[in-house]
There are 2 protein chains.
Amino acid sequence: MARAALSADAVVDVALRLVDEEGPAALTLAAVAARAGVATPSLYKHVRNLAELRSLMSARIAEELGDRIGEAVLGRSADDAIRALMMAWRAYVVENPNKYGSLDQSPDPQRAEAAKRVVDIIVASLRAYGLEDSDAIHATRCLRAAAHGFAVLEAAKGFQMAEDLDESYDLLVRMVTAGLRLPVHGG
Amino acid sequence: MARAALSADAVVDVALRLVDEEGPAALTLAAVAARAGVATPSLYKHVRNLAELRSLMSARIAEELGDRIGEAVLGRSADDAIRALMMAWRAYVVENPNKYGSLDQSPDPQRAEAAKRVVDIIVASLRAYGLEDSDAIHATRCLRAAAHGFAVLEAAKGFQMAEDLDESYDLLVRMVTAGLRLPVHGG
DNA sequence: AGATCCGGCTAATGCCATTAGCTTTTGGGC
DNA sequence: GCCCAAAAGCTAATGGCATTAGCCGGATCT
């Protein structure tokens, strides 16, 4: 062992704080190193390269999101759980738009675990609707699409009209909860 | 005037083809210039900088998407129109995942027009449901969130399970069309 | 024909990621 | 208490990229 000043986790911490405060475009190894009080190349002792740092950051963001929605569904079921889950999802995005905006969806092992947890929480919440196996997968995809789509658009300031976003989201939540009662096939 | 070899539009064309073929990460002025058969700095005669090129590209992508969904809703109404619109949206994404992935949502004048057209088409399609004014805005946001969310996740290969994506999307379309009959407020 | 302007070019700057290779610190075994 | 191996830091160097400055040639208009 040696000086334990820095670590991969610590680098990710610093990077996340940087993105949170200055936006995704501010993420450079130089900026992270400066914040960590270290020369740029030193970061390579903890992280393979910028791409890996991004991936680790995404994993952490997915974990945080998973924590939030996991808490939200505790002790709730059916519409109540889905509403809480979606509300928690959006609350996370509103609190951390820059972080959410730098979440990337690319499939890599690191992220797989965190993403899987989010999916598992959703799938579990869908059991109250009688959705299992393939049906639960299809329904989960719809829920993710709705929540993520709204999140991305809101984080990117893609909704320009003056109407209250809370009301829009409330409608979306009701669309989803009602939609989970539809037959997964046919109609 | 002088040699009309290149133009802002032509540069955008080249850039879009580049992104389409090699992915969003391949977008550099150097690469665009190489494809255009020109030295890198020459591009600055047509485009202010990389950020503006990105913006122009986004505008074009939004236009293309607008064309597609505009065509799709022609001669249809209500569920039929919404289904056609959402199907056209996804078809565009599946055909052009890289282009769609480089669509950015940031609000700037160039993009405003193209984005507005997409929104207008949706709003118009919602009239069949009796949705007007604020209600139409809220409903439009939900539809955009659903379609865009699915599109982003699919383009980024965010859906890992083996289940057929067509079936998932069909469920999403039915969720939306059914959801458009919900009261916009309350429930 | 000549002035003008547009659109191209080369050269130069500065930031960034990444690599190589050296130095320092630290903790464990003697 | 001392030595050594490895971890973690550093400086220097490389190469790609965006961007700016300033020059040049040809097309257009008068």
Side-chain angles (χ1 to χ4, degrees), chain A residues 1-60 98-99 101-104 106 108 110-111, chain B residues 1-60 98-99 101-104 106 108 110-111:
Chain A
M1 304 301 151
R3 279 163 292 182
L6 221 47
S7 68
D9 272 352
V11 172
V12 173
D13 279 346
V14 171
L16 284 173
R17 223 165 319 146
L18 172 70
V19 165
D20 191 35
E21 293 170 18
E22 305 184 30
L27 180 67
T28 68
L29 289 180
V32 172
R35 277 194 175 223
V38 109
T40 307
S42 303
L43 296 178
Y44 288 84
K45 297 288 164 146
H46 305 285
V47 154
R48 207 190 338 262
N49 52 33
L50 180 58
E52 193 194 50
L53 175 58
R54 282 218 167 86
S55 170
L56 291 171
M57 290 170 69
S58 280
R60 276 276 271 287
N98 287 336
K99 274 156 79 171
S102 65
L103 200 173
D104 90 80
S106 72
D108 66 82
Q110 249 122 21
R111 294 269 323 303
Chain B
M1 305 299 154
R3 280 163 291 178
L6 219 47
S7 69
D9 272 354
V11 172
V12 173
D13 279 346
V14 171
L16 284 173
R17 224 165 321 151
L18 172 70
V19 165
D20 191 37
E21 293 170 18
E22 305 183 31
L27 179 66
T28 69
L29 289 180
V32 171
R35 275 191 177 226
V38 111
T40 308
S42 303
L43 297 177
Y44 287 84
K45 298 286 166 149
H46 305 286
V47 155
R48 206 186 342 258
N49 51 33
L50 179 59
E52 194 193 51
L53 175 57
R54 283 216 167 86
S55 171
L56 291 170
M57 290 169 70
S58 280
R60 276 276 271 286
N98 287 336
K99 274 156 80 171
S102 66
L103 200 172
D104 90 78
S106 72
D108 66 81
Q110 248 121 24
R111 294 269 323 301

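Order of the sequence lines sets the chain letters (A, B, ...), proteins ahead of strands, with each chain counted from 1. Here the structure is a predicted model, which means the values were calculated and not measured.
- A heavy-atom distance below 4.0 Å to DNA chain C is reached by these residues of residues 37-60 of chain A, ordered by number: A:T40, A:P41, A:Y44, A:N49, A:L50.
- Pairs passing the side chain to side chain donor-acceptor pair (under 3.5 Å) check and including a residue from residues 22-31 of chain A, sequence neighbours excluded, read A:E22-A:R35.
- Scored by the salt bridge (charged side-chain N to carboxylate O under 4.0 Å, His left out) test, B:D13 finds B:R60 as partners (sequence neighbours excluded).
- Interface residues of residues 19-35 of chain B facing DNA chain C, ordered by number: none; criterion, heavy-atom separation under 4.0 Å.
- In terms of the side chain to side chain contact (heavy atoms under 4.5 Å, CB included) criterion, residue partners of A:E52 (sequence neighbours excluded) are, by chain and number, A:V47, A:R48, A:N49, A:L56, A:Q110.
- Every side chain to side chain contact (heavy atoms under 4.5 Å, CB included) that B:A10 has, sequence neighbours left out, goes to B:L6, B:S7.
- Contacts of A:A33 classified as side chain to side chain contact (heavy atoms under 4.5 Å, CB included), with partners at least two apart in sequence or in another chain: A:V38, A:T40, A:L43.
- Applying the side chain to side chain contact (heavy atoms under 4.5 Å, CB included) criterion to B:A39, with sequence neighbours excluded, gives B:P41, B:S42.
- With sequence neighbours excluded, no residue forms a side chain to side chain donor-acceptor pair (under 3.5 Å) with A:D20.
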